[in-house]
Participant: 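Can you keep this structure in mind? I'll have questions shortly.
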Amino acid sequence: MRRRERPDFFPPNVCPINAKANTFYGIMFDAGSTGTRIHIYTFVQKSPEDLPEVEGEIFESVKPGLSAYADQPEKGAESVKTLLDMAIDAVPPHLWKKTPVVLKATAGLRLLSEEKAEALLSEVKEVFEESPFLVPEDSVGIMDGSHEGILAWITVNFLTGQLSGQNQQTVGILDLGGASTQITFLPRFEETLKETPGDFLTSFEMFNKTYKLYTHSYLGFGLKAARLATLGAFNMEVVDGQMFRSSCLPKQLEAEWHFGGVKYRYGGNKEGETGFKPCYLEVLKVVKGKLHQPEEIRGSSFYAFSYYYDRAADTNLIDYERGGVLEVRDFERKAKEVCDNMERYNSASPFLCMDLTYITVLLKEGFGFRDNTVLQLTKKVNDIETSWTLGATFYLLQSLGMTY
Ligand SMILES: O=c1ccn([C@@H]2O[C@H](COP(=O)(O)OP(=O)(O)O)[C@@H](O)[C@H]2O)c(=O)[nH]1
Ligand SMILES: [Ca+2]
């Protein structure tokens with residue numbers, strides 16, 4: 001796409017408040033499987049040659065996600081309206097009409113029937129149309145899995161300064177959601193391009209450059225979907241009262257869990273085995289042979305966020321506010337510690353052992369990372385969330401001709 005200049009209403013030297021003429025906003029909703037979030041970004045474009053700067057972000061979230069309202073689409077849309085009302089206060093009224101609002105749904109809605117997903121999305125569209133903001137075509141929809149990874153890659157590499165200037169040393173990213181998981185990186189070796197199935201490679205244009213990225217979204221491999229798969233309950237018609245058991249859960253546990261609008265009963269192996277070893281084997285069945293393993297990633301380091309971050313923070317592997325640097329084996333060590341002392345960790349979450357074991361198995365046996373592969377756990381860079389939403393907002397502004 002060609003670089004386009006935004007109209008300048010005031011030449012810089014006569015602009016009354018110089019800084020404000022080139023400020024603009026973008027509103028992006030992330031309708032995830034476990035929650036809905038609004039990101040209201042403020043951008044400043046100092047000159048047409050430079051990348052826009054992110055001046056600030058307002059972030060708020062609600063739970064549960066839209067997919068939990070599969071049978072009450074109006075209620076689902078109400079949760080979006082609550083968040084959108086925040087934008088009315090955040091964006092100056094004279095810019096409302098120029099501020100685009102978009103909602104992209106991810107794996108939660110991908111797993112619903114088309115009919116239920118459409119009903120939810122059309123209610124949300126109505127909420128948008130009743131708002132004073134700019135509602136572009138296709139403003140509400142389900143995002144393609146490959147875009148989810150690419151846009152998160154754009155976000156992280158933009159925030160870490162890798163998309164501007166010469167010597168670009170981009171970083172790969174790992175996102176672990178509730179229902180799907182993404183891996184994205186820029187291959188450095190010809191071999192990788194040759195060995196990779198075509199649908200794992202996508203060319204993407206951003207900020208006047210084309211990137212050929214390796215990316216894939218594995219539907220059903222998010223943390224919560226993996227819990228169901230381990231229990232043998234994923235995509236199953238659940239019979240009333242049916243109990244799903246696992247060696248990854250505390251022996252005496254019996255409880256209920258709601259996900260994607262379905263109720264599941266689950267519990268520990270009352271009589272049988274419990275602990276890291278049997279749990280690892282159980283989880284391995286869910287993962288083994290299901291993921292593509294690019295050779296190149298074994299020796300590189302990756303940025304990891306979402307549930308990788310949350311579980312690492314929950315178990316003090318990293319600081320909750322600042323994040324940290326880990327190796328894959330740190331997750332395994334912690335999984336052993338938790339699974340082999342399950343009763344002690346019971347109070348935090350009954351799924352902690354299963355979650356840590358899943359993360360370990362996914363990284364090692366799924367993607368094929370080494371024990372000493374380095375992971376940079378990050379929630380925010382320069383106070384901006386490391387989410388695909390920033391990349392998606394840039395893409396949106398580019399398509400509207402508001403930036404290049
Ligand atoms: O702005 C966000 C959005 C999501 N998450 C994390 O993403 C995970 C939930 O995934 P999500 O609901 O987005 O599921 P998906 O639809 O991506 O499978 C949780 O760890 C959240 O804390 C986050 O940290 N920041
Ligand atoms: Ca997500």
Participant: Under a 4.5 Å cut-off applied to non-hydrogen side-chain atoms, are Val328 and Leu375 in contact?
Facilitator: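 Yes - at least one pair of side-chain heavy atoms lies under 4.5 Å apart.
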
Participant: Parallel under 30°, tilted from 30 to 60°, perpendicular over 60°: which one fits the rings of Trp257 and Tyr266?
Facilitator: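 Judged by the thresholds at 30° and 60°, the geometry between Trp257 and Tyr266 is perpendicular.
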
Participant: Using modelled atom types only, decide if a donor and an acceptor are shared between the side chain of Tyr358 and the backbone of Val287 within a distance under 3.5 Å.
Facilitator: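 No.
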
Participant: Once you round to the nearest 0.5 Å, how far does OH of Tyr303 lie from CG of Leu377?
Facilitator: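 These two atoms lie 11.0 Å from each other.
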
Participant: What pair of heavy atoms forms the shortest contact from Leu397 to Pro100, and how long is it?
Facilitator: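 Residues Leu397 and Pro100, closest heavy atoms: CD2-CG, 4.1 Å.
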
Participant: Would you call Glu254 and Lys270 a salt bridge, using N to O less than 4.0 angstrom?
Facilitator: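 Yes, charged N to carboxylate O under 4.0 Å.
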
Participant: Can you tell me how far NZ of Lys277 sits from NZ of Lys336, rounded to the nearest 0.5 angstrom?
Facilitator: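 The NZ atom of Lys277 is 9.0 Å from NZ of Lys336, to the nearest 0.5 Å.
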
Participant: How about Tyr307 and Thr181: does a side-chain donor come under 3.5 Å of a side-chain acceptor?
Facilitator: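 Side-chain D/A pair, Tyr307 to Thr181: absent.
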
Participant: Checking the side chain of Gln293 only, and the main-chain atoms of Glu365 only, is there a donor and an acceptor separated by less than 3.5 Å?
Facilitator: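 Yes, because the side chain of Gln293 sits within donor-acceptor range (under 3.5 Å) of the backbone of Glu365.
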
Participant: Which of these, Asp175, Thr34, Thr386, sits in a side chain to side chain donor-acceptor pair (under 3.5 Å) with Ser306?
Facilitator: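 The single option meeting the side chain to side chain donor-acceptor pair (under 3.5 Å) with Ser306 is Asp175.
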
Participant: Would a 4.5 Å heavy-atom cut-off, applied to side chains only, mark Thr360 and Val283 as touching?
Facilitator: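 No, too far: nothing below the 4.5 Å cut-off.
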
Participant: Looking at Lys81 and Glu78, is there a salt bridge between them, counting it only when a charged N and a carboxylate O are closer than 4.0 Å?
Facilitator: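 No, this pair does not count.
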
Participant: Between Trp153 and Phe204, is the ring centroid distance below 6.0 Å?
Facilitator: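 Not under 6.0 Å, so no.
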
Participant: Taking the side chain from Lys334 and the backbone from Thr315, do they hold a donor-acceptor pair closer than 3.5 Å?
Facilitator: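 It does hold such a pair.
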
Participant: Measuring centre to centre across the rings, with the benzene-like ring taken for any Trp, is Phe369 within less than 6.0 Å of Phe331?
Facilitator: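 Ring centroids of Phe369 and Phe331 are no less than 6.0 Å from each other.
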
Participant: Angle between ring planes, Phe302 versus Phe185, binned at 30° and 60°: parallel, tilted or perpendicular?
Facilitator: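 If you compare the ring of Phe302 with that of Phe185, the planes turn out perpendicular.
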
Participant: Within the structure provided, determine whether Leu134 and Leu400 are in side-chain contact (heavy-atom separation under 4.5 Å).
Facilitator: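 The answer is yes; the side chains approach within 4.5 Å.
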
Participant: Measure the OG1-CG distance between Thr389 and Asp30 for me, rounded to the nearest 0.5 Å.
Facilitator: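 Answer for the OG1-CG pair, Thr389 versus Asp30, is 6.5 Å.
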
Participant: Mark yes or no for whether Thr202, through its side chain, and Leu213, through its backbone, hold a donor-acceptor pair below 3.5 Å.
Facilitator: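 Such a contact is absent between Thr202 side chain and Leu213 backbone.
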
Participant: For a 4.5 angstrom cut-off between non-hydrogen side-chain atoms, does Arg265 reach Gln242?
Facilitator: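 No. Closest side-chain heavy atoms not under 4.5 Å.
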
Participant: Can you confirm whether or not the ring centre of Phe200 sits under 6.0 Å from the ring centre of Tyr214?
Facilitator: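 Judged by ring-centre distance (under 6.0 Å), Phe200 and Tyr214 do meet the cut-off.
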
Participant: If you measure from CD on Glu53 to CD on Gln45, what distance do you get to the nearest 0.5 Å?
Facilitator: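 So the CD of Glu53 and the CD of Gln45 are separated by 9.0 Å.
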
Participant: Can you measure from CD (Gln72) to NZ (Lys116) and round to the nearest 0.5 angstrom?
Facilitator: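 Gln72 CD to Lys116 NZ: 10.5 Å, rounded to 0.5 Å.
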
Participant: Parallel, tilted or perpendicular, judged at 30° and 60°: which one describes the rings of Phe207 and Phe158?
Facilitator: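 The arrangement is tilted - the two ring planes meet at 30° to 60°.
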
Participant: Distance check, rounded to the nearest 0.5 Å: Glu296 atom CD versus Leu186 atom CG?
Facilitator: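 Glu296 CD to Leu186 CG: 8.5 Å, rounded to 0.5 Å.
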
Participant: Please test Glu327 against Asp371 for side-chain contact (heavy atoms from CB on, under 4.5 Å), starting from the C-alpha separation and ending with a verdict.
Facilitator: CA-CA 7 Å; Glu327 290 182 357; Asp371 281 333; over 6 Å; no

Participant: Evaluate whether the separation between SG of Cys353 and SG of Cys339 stays below 2.5 angstrom.
Facilitator: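 Correct, these two cysteines form a disulfide.
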
Participant: Check for a donor-acceptor pair, side chain of Arg245 on one end and backbone N or O of Lys251 on the other, with a separation under 3.5 Å.
Facilitator: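 No, the answer is negative, given that no donor and acceptor are paired below the 3.5 Å cut-off.
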
Participant: Contact between Leu362 and Tyr308 at the side-chain level, heavy atoms closer than 4.5 Å - yes or no?
Facilitator: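 In short, these two side chains touch, coming nearer than 4.5 Å.
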
Participant: Taking the ring of Phe276 and the ring of Tyr280, is the distance between their centroids below 6.0 Å?
Facilitator: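 Ring-ring flag for Tyr280/Phe276: true, centres closer than 6.0 Å.
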
Participant: Taking atom types as modelled, is there a side-chain donor on Glu282 or Ser246 under 3.5 Å from an acceptor on the other?
Facilitator: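 Result is yes, a qualifying pair exists.
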
Participant: Under 4.0 Å between a Lys/Arg side-chain N and an Asp/Glu carboxylate O for Arg110 and Glu148?
Facilitator: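 The answer is yes: the pair qualifies as a salt bridge.
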
Participant: Can you tell whether the side chains of Asp310 and Lys379 come within less than 4.0 Å, N to carboxylate O?
Facilitator: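 The answer is yes: the pair qualifies as a salt bridge.
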
Participant: Is there a donor-acceptor contact under 3.5 Å from the side chain of Lys194 to the main chain of Glu190?
Facilitator: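 Checking the backbone N and O of Glu190 against the side chain of Lys194, no donor-acceptor pair under 3.5 Å is found.
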
Participant: Would you please say whether a donor-acceptor pair under 3.5 Å links the side chains of Thr184 and Gln182?
Facilitator: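 Per modelled atom types, Thr184 and Gln182 side chains form no pair under 3.5 Å.
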
